[in-house]
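Side chains are part of it too, since the values below use all heavy atoms of this structure and drop only hydrogens, waters and symmetry mates. Counting convention: from 1, in listed order, for ligands and their atoms alike.
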Amino acid sequence: MWRRVASVSHLTFAHNSTVNKNACTFKCWEAFTTEIPRKEKTTYQTAKTPFITFVLGGPGSGKGTQCMKIVENFGFTHLSAGDLLRREIASNSADGIMILNTIKEGKIVPSELTIKLIQKEMESSDNYKFLIDGFPRSEDNRKAFEQIFGAEPDNVLFFDCPEDEMVKRVLNRNQGRVDDNIDTIKKRLKVFTALNLPVVNYYLEKGKLYKINGVGTVDEIYKQVHPVFSTFNFENQFCSEVLC
Ligand SMILES: Nc1ncnc2c1ncn2[C@@H]1O[C@H](COP(=O)(O)OP(=O)(O)OP(=O)(O)O)[C@@H](O)[C@H]1O
Ligand SMILES: O=c1ccn([C@@H]2O[C@H](COP(=O)(O)O)[C@@H](O)[C@H]2O)c(=O)[nH]1
Ligand SMILES: [Mg+2]
C-alpha cells in the first residue's frame with residue numbers, strides 16, 4: 001500500500017514555451033448539441049493538459065517491460081528516449097553517428113537533442129498521457145526539460161534493482177543492441193550512479209517518486225506499479241482554457 005496518495009496536478013506548459021500552443025493538441029473534442037440561448041449549436045474544444053510520468057531505473061531494471069503493462073492498463077503513450085535515439089540512428093539523420101558513438105560509450109546524448117525528439121512525439125500524439133522512459137538521465141536533462149516544457153512530471157517511477165540482476169537481464173536480452181555487452185554495461189552503470197541517481201533523489205525530495213522493488217517476476221513488480229496510476233483521476237486533466 002502506498003502511504004501517500006498523489007493528487008492530480010493541473011500541469012500547464014509555460015506560456016512562453018514553444019510547446020505551449022502545441023501542448024493543447026492533447027485535446028478532446030466535445031460537441032454540445034443541447035440548446036444554448038442565442039446559439040443554435042455550439043462546439044467547444046476543451047483541452048487536456050498532458051499527464052507526464054518519468055520512468056527511471058538502471059539498465060535492464062525493467063522500465064520498458066513495465067511500461068508496456070501500464071500502456072495496456074491505463075492507455076498511456078510510451079516514449080522510450082533510448083528507442084527514439086536508436087530510431088534517429090536508423091534513419092541516418094545528421095546526428096546519427098554522434099548518437100551511435102554516445103550510446104556505445106554508455107554516455108548521455110545532449111539534452112536539447114533528446115528533448116527535441118520527445119517533444120516531436122508528444123506534439124504529434126492525440127494522447128495526453130505519456131510515459132517518458134529512460135529520461136531524464138541527468139540533472140542537466142531534467143533542468144533542460146523543465147525549462148523547455150515549463151513543467152514538471154506529475155509523478156516519477158523508479159525501478160530499484162541490484163546491479164548483478166540488471167547485468168544478467170541485459171546480457172540475456174538478445175535484441176541486438178550495440179550497448180548490451182559487458183564493457184558498455186559497466187559504463188552505463190557508472191553513468192547511472194553518477195548522473196541518474198541525483199535525478200531520482202531530486203524527485204524523492206519533491207515527493208513525486210514512487211520507488212518500486214525491481215526484483216521479482218514481471219507480474220509481481222507490476223502489482224506495485226498498478227496502484228500508482230489507479231489513484232489518479234485522469235478525467236480531471238482539463239485545461240481551464242476554452243480554445244474556441
Ligand atoms: N522482472 C523481470 N524478471 C526477469 N527478466 C525481466 C524482468 N523484467 C524485464 N525482464 C527482461 O530483462 C530485460 C531488460 O528489461 P527491459 O528492457 O524492460 O529493461 P529496461 O529498464 O528498459 O532496460 P534499458 O534501460 O537497457 O532499456 C528484457 O529482456 C526483459 O524481458
Ligand atoms: O535520455 C536519454 C536516453 C538514452 N540515452 C542513451 O541511450 C542509451 C540507451 O538508453 P535506454 O534507456 O537504455 O534504452 C543510454 O545508455 C544512453 O547512451 C541518452 O543519452 N539519453
Ligand atoms: Mg528500455
Side-chain angles (χ1 to χ4, degrees), residues 52-72 78-90 95-122 130-146 148-149 153 156-197 199-200 212-225:
I52 298 174
T53 298
F54 286 158
V55 183
L56 305 179
S61 59
K63 300 181 293 298
T65 305
Q66 294 296 323
C67 280
M68 286 196 287
K69 295 188 76 74
I70 301 166
V71 168
E72 277 168 29
H78 175 209
L79 301 177
S80 154
D83 286 349
L84 295 177
L85 293 168
R86 284 184 282 275
R87 200 170 72 186
E88 273 304 281
I89 299 171
D95 297 312
I97 303 281
M98 180 275 287
I99 298 172
L100 176 62
N101 290 332
T102 307
I103 288 180
K104 276 184 183 164
E105 284 304 308
K107 292 186 177 159
I108 299 175
V109 169
S111 300
E112 288 68 24
L113 177 46
T114 312
I115 291 168
K116 188 181 76 182
L117 299 176
I118 294 171
Q119 191 173 331
K120 202 167 142 207
E121 292 300 305
M122 291 174 75
F130 297 96
L131 296 171
I132 303 187
D133 161 4
F135 179 94
R137 260 348 220 224
S138 63
E139 278 289 276
D140 185 76
N141 274 180
R142 179 186 68 73
K143 287 175 188 162
F145 179 92
E146 287 176 6
I148 291 169
F149 279 72
V156 179
L157 295 182
F158 167 52
F159 291 96
D160 188 24
C161 196
E163 287 198 358
D164 56 349
E165 177 68 17
M166 294 196 278
V167 171
K168 196 173 74 185
R169 289 182 191 173
V170 169
L171 290 179
N172 285 332
R173 182 156 45 186
N174 283 326
Q175 286 178 356
R177 280 178 49 165
V178 293
D179 53 350
D180 281 356
N181 58 76
I182 192 63
D183 288 343
T184 311
I185 293 167
K186 282 182 185 164
K187 291 176 186 169
R188 288 161 71 194
L189 287 169
K190 278 191 182 153
V191 168
F192 170 70
T193 304
L195 300 179
N196 205 195
L197 280 183
V199 179
V200 170
I212 308 290
N213 176 7
V215 181
T217 66
V218 171
D219 286 342
E220 280 166 356
I221 296 166
Y222 184 68
K223 273 192 189 140
Q224 302 168 66
V225 172

Original post:
For ligand 2, which atoms have a heavy atom of Gly134 less than 4.0 angstrom away?
Top reply: 1 (O), 2 (C), 3 (C)
Original post:
Is there at least one pair of N or O atoms, one from Val109 and one from ligand 2, spaced under 3.5 Å apart?
Top reply: yes
Original post:
For Arg86, is the nearest heavy atom under 4.0 Å from an atom of ligand 2?
Top reply: yes
Original post:
Is the distance between the ring centroids of Phe158 and Phe54 less than 6.0 Å?
Top reply: no
Original post:
Between Gly106 and Thr184, what is the shortest heavy-atom contact and its length?
Top reply: N-CG2, 3.9 Å
Original post:
Quick one: are Ile118 and Ile132 in side-chain contact, heavy atoms under 4.5 Å?
Top reply: yes
**OP:** Taking the side chain as every heavy atom from C-beta outward, state whether Ile99 and Leu113 have any pair of such atoms under 4.5 Å apart.
**Re:** yes
Subject >> Close approach, Gly82 and ligand 1, non-hydrogen under 4.0 angstrom >> reply: no
Subject >> Protein heavy atom at shortest distance from atom 10 (N) of ligand 1 >> reply: Arg169 CD, 4.0 Å
**OP:** Please tell me if the side chains of Ile185 and Asp179 come closer than 4.5 Å, counting only heavy atoms from C-beta onward.
**Re:** no
Subject >> Atoms of ligand 1, numbered as shown, that sit under 4.0 Å from any heavy atom of Ile221 >> reply: 1 (N)
Original post:
Looking only at heavy atoms, which two atoms of Leu85 and Thr114 are closest? And how far apart?
Top reply: CD2-OG1, 4.1 Å
**OP:** Would you mind listing which atoms of ligand 2 come within a distance below 4.0 Å of any non-hydrogen atom of Thr114?
**Re:** 1 (O)
**OP:** Under 4.0 Å, heavy atoms only, figure out whether ligand 2 is touched by the backbone of Leu85, its side chain, both or neither.
**Re:** side chain
Original post:
For ligand 1, which atoms, with element, lie under 4.0 Å from some heavy atom of Gly64?
Top reply: 18 (O), 20 (P), 22 (O)
**OP:** Do me a favour and list the nearest non-hydrogen protein atom to atom 1 (N) of ligand 1 with residue, atom name and distance?
**Re:** Gly216 O, 2.8 Å
**OP:** May I ask whether Ser61 has any heavy atom positioned less than 4.0 angstrom from an atom of ligand 1?
**Re:** yes
**OP:** With heavy atoms only and a cut-off of under 4.0 Å, state how Ile103 meets ligand 2: side chain, backbone, both or neither.
**Re:** both
Original post:
Taking the minimum heavy-atom distance to atom 11 (P) of ligand 2, which of Lys107, Arg188, Arg177 ranks first?
Top reply: Arg177
Original post:
Ala81 heavy atoms, cut-off 4.0 Å: which ligand 2 atoms fall inside?
Top reply: 1 (O), 2 (C), 3 (C)
Subject >> Residue Ile97 excluded, over 12 heavy atoms near CD1 under 6.0 Å >> reply: no
**OP:** Write down the atom of Gly216, the atom of Ile221, and the distance for their closest heavy-atom approach.
**Re:** O-CD1, 3.6 Å
Original post:
Does a side-chain heavy-atom distance below 4.5 Å link Leu117 with Lys120?
Top reply: no
Original post:
Is the shortest N/O to N/O distance between Lys63 and ligand 1 below 3.5 Å?
Top reply: yes
**OP:** Number the atoms of ligand 1 from 1 as they appear, then name those within less than 4.0 Å of a heavy atom of Pro59, with their elements.
**Re:** 25 (O), 26 (O)
Subject >> Min side-chain heavy-atom separation Phe135-Leu84 under 4.5 Å >> reply: no
Subject >> Closest non-hydrogen atom pair between Leu56 and Lys63, with its separation >> reply: C-CD, 3.6 Å
Subject >> Atoms in ligand 2 flagged as close to Asp179, the criterion being non-hydrogen separation under 4.0 Å >> reply: 8 (C), 9 (C)
Original post:
Which atoms of ligand 1 have any heavy atom of Arg177 under 4.0 Å away?
Top reply: 24 (P), 26 (O), 27 (O)
Original post:
Does ligand 1 have any atom sitting under 4.0 Å from a heavy atom of Arg188?
Top reply: yes
Subject >> Nearest non-hydrogen protein atom, atom 16 (O) of ligand 2 >> reply: Arg137 NH2, 3.6 Å
**OP:** If you have a sec, work out which protein heavy atom is nearest atom 28 (C) of ligand 1 and how many Å separate them, to one decimal?
**Re:** Arg173 CD, 4.0 Å
**OP:** Please identify which atoms of ligand 2 are closer than 4.0 Å to at least one heavy atom of Ile108.
**Re:** 20 (O)
Subject >> Test item, Gly134 contacting ligand 1 (heavy atom, 4.0 angstrom) >> reply: no
Original post:
Taking all atoms of both residues into account, what is the closest heavy-atom pair of Val167 and Leu189, and its distance?
Top reply: CG2-CD1, 3.8 Å
Original post:
Cys67 pairs by side-chain contact (heavy atoms from CB on, under 4.5 Å) with which of Thr53, Val225, Leu157, Asp133?
Top reply: Asp133
Subject >> Contact check, side chains of Met122 and Leu79, non-hydrogen atoms, under 4.5 Å >> reply: yes
Original post:
Going through the checks in order, is the salt bridge (Lys or Arg N to Asp or Glu O under 4.0 Å) test met by Glu165 and Lys168?
Top reply: CA-CA 5 Å; Glu165 177 68 17; Lys168 196 173 74 185; 3.2 Å; yes
Subject >> Nearest-neighbour protein heavy atom for atom 16 (P) of ligand 1, which is reported as residue plus atom name and distance >> reply: Thr65 OG1, 3.6 Å
Original post:
Side chain, backbone, both or neither: which part of Asp133 has a heavy atom under 4.0 Å from ligand 2?
Top reply: neither
Subject >> Distance (rounded to the nearest 0.5 Å) between Lys104 NZ and Arg177 CZ >> reply: 14.5 Å
Subject >> Expected output: side-chain Lys69 to main-chain Asp219 donor-acceptor under 3.5 Å >> reply: no
Original post:
Tell me, which protein residue and heavy-atom name are nearest atom 23 (O) of ligand 1, and how many Å apart are they?
Top reply: Gly60 N, 2.9 Å
Subject >> Those atoms of ligand 1 less than 4.0 Å from some heavy atom in Thr217 >> reply: 1 (N)
**OP:** Identify, by atom number and element, the atoms of ligand 1 in contact range of Val218, meaning under 4.0 Å from any of its heavy atoms.
**Re:** 1 (N), 2 (C), 7 (C), 8 (N)
Original post:
Looking only at distance, does Gly62 have an N or O less than 3.5 Å from an N or O of ligand 1?
Top reply: yes
**OP:** For Gly58, counting its heavy atoms only, list the atoms of ligand 1 lying under 4.0 Å from any of them.
**Re:** 21 (O)
